[in-house]
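Throughout, a chain's letter reflects where its sequence line sits, starting with A, and its residues are numbered from 1.
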Number of protein chains: 2
Amino acid sequence: METTATTADTCAGPEPAARRPDGRDQYTISEVVAFTGLTAHTLRWYERIGLMPHIDRSHTGQRRYTNRDLDWLDLVGKLRLTGMPVAGMVRYAEMVREGDHTYTDRFELLEATRRDVRERIAELQDTLAVLDRKINFYADAGRALASERS
Amino acid sequence: METTATTADTCAGPEPAARRPDGRDQYTISEVVAFTGLTAHTLRWYERIGLMPHIDRSHTGQRRYTNRDLDWLDLVGKLRLTGMPVAGMVRYAEMVREGDHTYTDRFELLEATRRDVRERIAELQDTLAVLDRKINFYADAGRALASERS
DNA sequence: TAAAACCTTGGAGTGCACTCCAAGCAAGCG
DNA sequence: CGCTTGCTTGGAGTGCACTCCAAGGTTTTA
């Protein structure tokens, strides 16, 4: 059976399965699934679309991820929840592969992303204010109904 | 030609097209497009899926939106950018239509949404920190390259 | 050594939120 | 009155980000 994302990680299992030290950092795809919460499908898909660096293989062709790959996936995860489209992350990954001459471009992409994130936080705080007002309204209405009944 | 969303609203046009006072608040679909930034397609689609209250019609069957409808669309817009799925908003809309006995359910839905928003803000602030660190790294690298060249 | 669990591939399928289309009425202007 | 622009409908199409499948090879556990 293909390993699917165990999202409902009820109450901290036995161990968070710690990373191994650099040098002996060879993780199977299902270990990476456990680390990242992504599915194996998604990890393979990320590779197909060029979002991952080259991933090592065992002598029989199975993927062996490193700590560096895990770090990259952490960054991808963060960028993903900023709403950055996958295509943008692929562009960044390509620039990383292309080498040092892309430094300024990468810098600019990251700064643009930072601006977006700041903006999104502001929007959400705005929404939070609206929500608070509405929730207070409902709380008042609830109290009014309660006192009416008493 | 069907009116499409004028997203690139270059530098504040002539007037933000103010709302009319209650009583003479009858907006055509294209006016609502101008107010909300949604497309006419999307407004009609919202109606089909039950996300809107009943919308008045002119004697020939064209939609006539009110200030109240505009307020509702504002709320929908806010909820939309919290990442709330449309289905959740439809559920909320249904509860509003069902009347007063859904007050507590609505209250709970709003509170759950508020929790989500708070969480999302926290995640984004986390991401912002990562971004700041990376941006500083690139800035330092840039400076190093510059001084190397000098 | 045999069963069970895990990993491989390309390509097809899914769910969401729109997005567009064609054909035909409706409205405002000279 | 005719012309242009706007609004109507149901249903089909799009783009994104996965998500799953079948068939078969690999690794681990008993």
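- Residue B:Arg19 is tested with B:Asp25, B:Asp71, B:Thr66 for a side-chain hydrogen bond (donor to acceptor under 3.5 Å, both in side chains); the sole match is B:Asp71.
- Of the candidate nucleotides C:dT19, C:dT8, D:dT8, D:dT8 has the atom nearest to the side chain of B:Arg44.
- Within 6.0 Å of atom CZ in A:Arg24, 12 or fewer heavy atoms from other residues, nucleotides or ligands are found, so the atom counts as exposed in its surroundings.
- Contact check for A:Ile55 versus A:Asp69: side-chain heavy atoms found under the 4.5 Å cut-off.
- Per the geometry, CD belonging to B:Glu47 stands 13 Å off C1' belonging to D:dC7, to the nearest Å.
- The phosphate of D:dA17 (OP1 or OP2) has no side-chain N or O of A:Tyr46 nearer than 4.0 angstrom.
- For A:Tyr27 and A:Arg64, the side-chain atoms include no donor-acceptor pair closer than 3.5 Å.
- The side chain of A:Thr28 places no N or O atom within less than 4.0 Å of a non-bridging phosphate oxygen (OP1 or OP2) of C:dC6.
- The distance from atom CH2 of A:Trp45 to atom P of C:dG11 is 17 Å, rounded to the nearest whole Å.
- Residue B:His41 places its side chain closer to C:dC21 than to any other of D:dC7, C:dC21, D:dC18.
- For the segment residues 50-62 of chain A, residues with any heavy atom less than 4.0 angstrom from an atom of DNA chain C are, sorted by number, A:Arg57, A:Gly61, A:Gln62.
- Neither OP1 nor OP2 of D:dC7 sits under 4.0 Å from any side-chain N or O of B:Arg63.
- Contact annotation: B:Arg80 side-chain N/O to C:dC18 OP1/OP2 distance is under 4.0 Å.
- Ring orientation note: the planes of A:Tyr103 and B:Phe137 are tilted relative to one another, at an angle of 30° to 60°.
- If you find the closest nucleotide of DNA chain D to B:Arg48 and to B:Ile29, the one lying nearer the 5' end belongs to B:Ile29.
- At a threshold of 4.0 Å, the pair B:Asp56-B:Arg63 does not count as salt-bridged, since none of the basic side-chain nitrogens sits closer than that to a carboxylate oxygen.
- Cluster annotation: A:Leu81 and A:Met89 are assigned to distinct hydrophobic clusters (Ile/Leu/Val/Met/Phe/Trp/Tyr, side-chain heavy-atom contacts under 4.5 Å, transitive).
- Within 4.0 Å (heavy atoms only), B:Arg64 reaches no atom of the nucleic acid at all.
- When rounded to the nearest whole Å, the span between CE of A:Met89 and C1' of D:dC16 equals 12 Å.
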